[in-house]
Amino acid sequence: MHDDPLLRNLNPEQHAAVTLPAVPALILAGAGSGKTRVLTTRIAWLLQQGHMSPGGVMAVTFTNKAAKEMLTRLSAMLPVSVRGMWIGTFHGLCNRFLRAHWKLAGLPQSFQILDSGDQLSAVKRIIKAKNLDEERFVPKQVTWFIAGSKEEGLRPRDVELRDAQTAKLVEIYEAYEEQCAREGVVDFAELMLRTYELMRDNDPLREHYQRRFTHVMVDEFQDTNRLQYAWMKMFAPPGRGQSVFAVGDDDQSIYAFRGAQVGNMADFEREYHVEHVIKLEQNYRSFGNILDAANELIGHNSRRLGKNLRTEAGPGEPVRVVESTSDFGEAQWVLEEIQQLHRGGIDRKEIALLYRSNAQSRVIESALFNAGIPYRVYGGLRFFERAEVKHALAYLRLIENPNDDTSFLRVVNFPARGIGARTIEQLQDAARSSGRSLHQSVGAVAGKGGANLAAFVALVDAMRERTHGLTLREIIEQMLQASGLLDFYRTEKEGQDRIENLEELVNAAEAFVTQEGFGKDAVALPVDEHGPGTLANDAPAPAADRVPDAETGEIMSPLAAFLTHASLEAGDNQAQAGQDAVQLMTVHSAKGLEFDAVFITGLEEGLFPHENALSDSDGLEEERRLMYVAITRARQRLYLSFSQTRMLHGQTRYNVKSRFFDELPEHALKWLTPRQQGFGSGYAREYQQAWQRGAGMGSMVGAGRIEPRPAAPALVPKAPSHGLRTGQAVFHTKFGEGVVLTLEGQGDDARAQVNFGRHGMKWLALSVAKLTPVE
DNA sequence: AGCGGTATAATTTTT
DNA sequence: TTATACCGCT
């Protein structure tokens with residue numbers, strides 16, 4: 001049956017998925033079930049069998065990383081050029097589409113892409129120009145409104161004007177669109193929406209692409225938003241006979257907060273009359289106890305498509321659970337355990353420390369730092385987002401397009417050249433009243449400011465002239481000199497790192513030109529603007545990079561292509577790759593990764609599940625899925641950890657252990673600290689204090705049993721008449737068990753704020769409420 | 001223009 | 001606690 005080497009070693013479900021006929025199919029791919037393998041093997045198999053040509057493939061992912069992974073694996077499987085295939089991120093493919101059809105899309109040929117930061121400053125400018133109150137129209141929220149509207153497929157005229165506030169927001173949205181059009185830029189959501197609209201409105205074009213893409217595959221389908229689903233339907237609508245291969249996992253849907261619609265999976269099944277739903281439940285990553293924990297936990301969610309992970313690997317080690325008295329103690333314990341694991345032969349890069357929110361990394365970082373253990377924190381600034389790099393890119397953008405006001409404003413006075421806020425305001429007024437760009441309005445400003453502005457414009461113009469015809473590397477080097485950026489950072493005391501980053505920018509450009517062959521994302525394919533007819537269906541881009549525009553014969557410049565690349569792929573964050581370092585990240589950023597050993601820290605009510613998500617059941621279910629994602633990252637060892645107290649916003653919070661502990665199977669767990677009946681029993685505290693005095697936990701853990709230690713004197717303030725103190729565990733007949741957070745007032749006035757975990761935070765009058773101390 | 005003080009708010013994130 | 005924003009001063 002499996003003579004074909006491609007299909008060898010596939011399990012029956014994977015095999016079935018790979019060799020499905022060309023009809024719509026939904027693949028429910030559990031964590032660690034070989035999803036990417038199925039996706040790439042299917043493409044390879046279809047090509048090998050001659051069921052489709054390379055040009056007939058469209059495979060969409062969310063991240064550049066996933067797209068790259070797919071391409072790498074695919075080219076390892078088959079000696080096929082990936083050039084003609086449309087494999088990439090939603091935004092990358094939109095970019096490719098719009099580069100080919102810029103004219104029809106109503107865009108300038110080398111339109112540039114705004115990242116979220118650029119978009120924010122663009123919105124800020126509009127709010128200022130319209131003289132609106134930034135309190136009422138918070139720029140961040142306005143960008144959410146705009147992106148949100150676009151992701152619902154709504155242009156300003158389509159948004160329902162529910163109230164005055166919305167009407168004003170729509171007005172800003174409208175102005176924002178005009179501004180983007182004037183400057184020749186698009187934001188991320190615009191890439192999607194513009195593509196969708198062009199496909200919707202241009203019959204020959206739609207017809208062409210629908211005929212071309214016989215196989216459309218969408219990865220992480222549970223993360224698609226409304227627009228992305230509608231977009232997909234434009235390329236492969238129901239009933240047109242294309243193969244649509246949607247791969248996803250509803251249990252790993254953790255991006256509802258940014259518009260993801262898990263419901264798209266069910267909608268897809270219904271609208272496409274999907275007959276083939278294949279569940280990939282065989283897990284190749286984790287041992288049984290870990291999967292038991294994951295399965296049981298996620299079983300507490302309703303509204304699932306239903307899926308259970310199984311393994312043939314045996315139960316493996318138990319899931320270890322640890323309680324600490326403080327976040328500090330937790331970090332110390334994690335540190336010890338990491339050292340133990342490392343001594344036991346596990347690479348540090350195979351150890352992940354996961355947390356719900358970024359703020360939690362700090363304590364752990366300092367513990368690791370003090371112990372001299374190398375670590376890498378995910379998240380944070382990425383390469384192309386760093387200030388000095390953005391400045392350099394702004395100059396490059398101005399070389400490419402002097403009317404890019406966002407870039408103009410970023411560097412008009414950086415390095416300082418005597419152009420102050422007043423001058424800029426005058427310039428903006430002039431530009432606004434004439435409807436022209438800042439660059440075009442420079443002449444309207446008189447005086448010294450005006451002269452300086454003119455000098456700036458002359459500088460950029462000179463850069464443009466002098467770099468004409470040079471290689472990308474030379475252009476950037478010229479610009480770094482001429483702009484004064486290099487000189488500026490050379491004289492700055494902490495400028496050395498920045499200069500290194502600017503040099504790195506030159507390297508990145510060089511790499512882009514040579515290795516990447518800057519065509520992949522950025523350069524137009526030879527697609528006729530005027531519809532099918534003359535189209536070579538899957539003509540690969542000729543000899544790599546420089547594809548002339550179908551109509552004018554113009555070539556997109558390497559510079560414009562590089563700028564596009566920089567916007568679409570923000571690059572890694574700073575951490576030195578390659579080193580054997582412990583991996584620190586949020587649970588969200590751990591999605592898709594796997595490690596030998598995983599620590600999930602801060603498993604406390606209010607933190608994980610997060611308090612902001614507790615108000616509705618959808619929120620709680622997403623938190624639970626998040627926990628599910630976290631658990632399923634672990635191959636061999638999983639640690640769950642929580643702490644009685646935690647420093648948050650500069651205050652000590654008294655927490656209750658996460659409700660998720662009650663949703664895990666007892667048989668799979670092993671408590672390394674004594675199992676608590678209620679909360680904060682003296683025993684655990686004594687134990688922790690004993691440990692913190694230096695007894696160390698590793699040996700006790702290693703021995704597999706914990707010996708009671710002599711009690712340490714409790715460091716608590718003197719007890720007032722009601723007998724309560726902060727941190728006190730209490731019982732309330734209605735709310736159950738809780739922990740006292742704050743005590744106020746005296747006698748009959750005395751009040752206590754109590755954290756009842758899932759019953760929330762309560763203020764109780766002690767003269768009325770029946771609170772029983774638990775200890 | 002740039003510095004330093006105070007106020008304020010503080011999940012999760014990719015493109 | 002800490003990062004960022006804004007204001008007022010030099």
Side-chain angles (χ1 to χ4, degrees), chain A residues 60-67 88-95 113-120 124 134-135 138-140 143-144 147 150-151 186-193 195 219-220 223-225 227-228 231 253-260 327-328 354-363 366 378-382 384-385 413-424 449 452 521 564-573 585-592 602 606-615 619 622-623 625-627 629-630 646-653:
Chain A
V60 202
T61 64
F62 273 85
T63 63
N64 290 302
K65 199 176 160 202
T89 62
F90 277 103
H91 296 88
L93 294 183
C94 286
N95 176 57
I113 300 165
L114 296 184
D115 67 22
S116 344
D118 300 330
Q119 195 193 4
L120 186 63
K124 275 185 184 162
E134 289 210 8
E135 304 265 291
V138 183
K140 258 255 174 53
T143 62
W144 292 338
K150 290 185 180 184
E151 280 161 8
V186 297
D187 60 37
F188 290 127
E190 187 68 29
L191 286 169
M192 291 291 315
L193 183 54
T195 302
D219 192 16
E220 305 280 15
D223 289 339
T224 52
N225 61 33
L227 179 56
Q228 284 157 338
W231 181 98
S253 160
I254 55 173
Y255 286 114
F257 72 90
R258 66 173 195 211
D327 48 350
F328 175 80
L354 308 186
Y355 34 81
R356 174 65 237 264
S357 59
N358 286 304
Q360 290 166 249
S361 73
R362 185 158 245 103
V363 214
S366 76
Y378 278 63
L381 267 198
R382 331 252 229 109
F384 286 116
E385 290 166 355
N413 196 37
F414 192 92
R417 39 178 79 90
I419 299 170
R422 269 202 49 78
T423 306
I424 289 171
N452 289 340
D521 285 336
T564 298
H565 166 81
S567 307
L568 244 28
E569 197 165 347
D572 282 337
N573 59 20
M585 66 192 85
T586 63
V587 179
H588 280 92
S589 29
K591 185 163 163 232
L607 248 195
F608 199 2
H610 197 277
E611 52 200 351
N612 296 359
L614 294 180
S615 47
E622 180 142 318
E623 294 292 305
R625 291 192 292 270
L626 202 48
M627 181 65 184
V629 167
R646 184 172 298 275
M647 200 64 127
L648 203 64
H649 308 325
Q651 283 194 318
T652 305
R653 289 241 315 221

Between dT13(B) and dT4(C), how many Å separate the two P atoms, rounded to a whole number?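 After rounding to an integer number of Å, I get 16 Å for this pair.
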Protein heavy-atom contacts under 4.0 Å, written 5' to 3' over nucleotides 10-15 of chain B as B (base), S (sugar-phosphate only) or - (none), form the string BBBBBB
With B for base contact, S for sugar-phosphate-only contact and - for none (protein heavy atoms under 4.0 Å), nucleotides 1-7 of chain B reads S------
- Item | Counterpart residues, side chain to side chain donor-acceptor pair (under 3.5 Å), relative to R356(A) (two or more places apart) |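 By the side chain to side chain donor-acceptor pair (under 3.5 Å) rule, R356(A) matches E623(A).
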(Q) So which atom in G602(A) and which in F608(A) form the shortest heavy-atom distance, rounded to 0.1 Å? (A)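 Smallest heavy-atom distance, with atoms named: O-CB, 3.7 Å.
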* To do: Might you point out which heavy atoms bring A630(A) and V587(A) nearest each other, and give the distance in Å?
  =>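 What the structure gives for the nearest pair is CB-CG1, 3.6 Å.
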Using the ring-ring contact (aromatic ring centres under 6.0 Å, His included) criterion, which residues pair with H588(A)? Sequence neighbours excluded.
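Only Y255(A), F257(A) meet the ring-ring contact (aromatic ring centres under 6.0 Å, His included) criterion with H588(A).
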Residue set satisfying ring-ring contact (aromatic ring centres under 6.0 Å, His included) with F90(A), at least two apart, ordered chain then number -> F62(A), W231(A)
inquiry  = Nearest 0.5 Å, please: how far is CD in E151(A) from CG in L227(A)?
reply    =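 The CD atom of E151(A) is 7.0 Å from CG of L227(A), to the nearest 0.5 Å.
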Q.
Taking the side chain as everything from C-beta on, heavy atoms only, tell me whether T63(A) gets closer than 4.5 Å to K591(A).
A.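 Of all side-chain heavy-atom pairs linking K591(A) with T63(A), none is under 4.5 Å.
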Q) Heavy atoms, side chains only, cut-off 4.5 Å: are M647(A) and R362(A) in contact? A) no
Worksheet item: How about R422(A): does its CZ atom have over 12 heavy atoms from other parts shown lying under 6.0 Å from it?
Response: no
Q: Extract, from 5' to 3' on DNA chain C, the first and final nucleotides lying under 4.0 angstrom from some heavy atom of chain A.
A: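 Nucleotide range with atoms under 4.0 Å of chain A: dT1(C) to dA3(C).
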Open item on the list: Does Q119(A) form a side-chain hydrogen bond (donor to acceptor under 3.5 Å, both in side chains) with S116(A)? I'd like the steps, not just the answer.
Closed with: CA-CA 5 Å; Q119(A) 195 193 4; S116(A) 344; 5.7 Å; no
In whole angstroms, the gap separating P of dT8(B) from NZ of K140(A) amounts to 19 Å
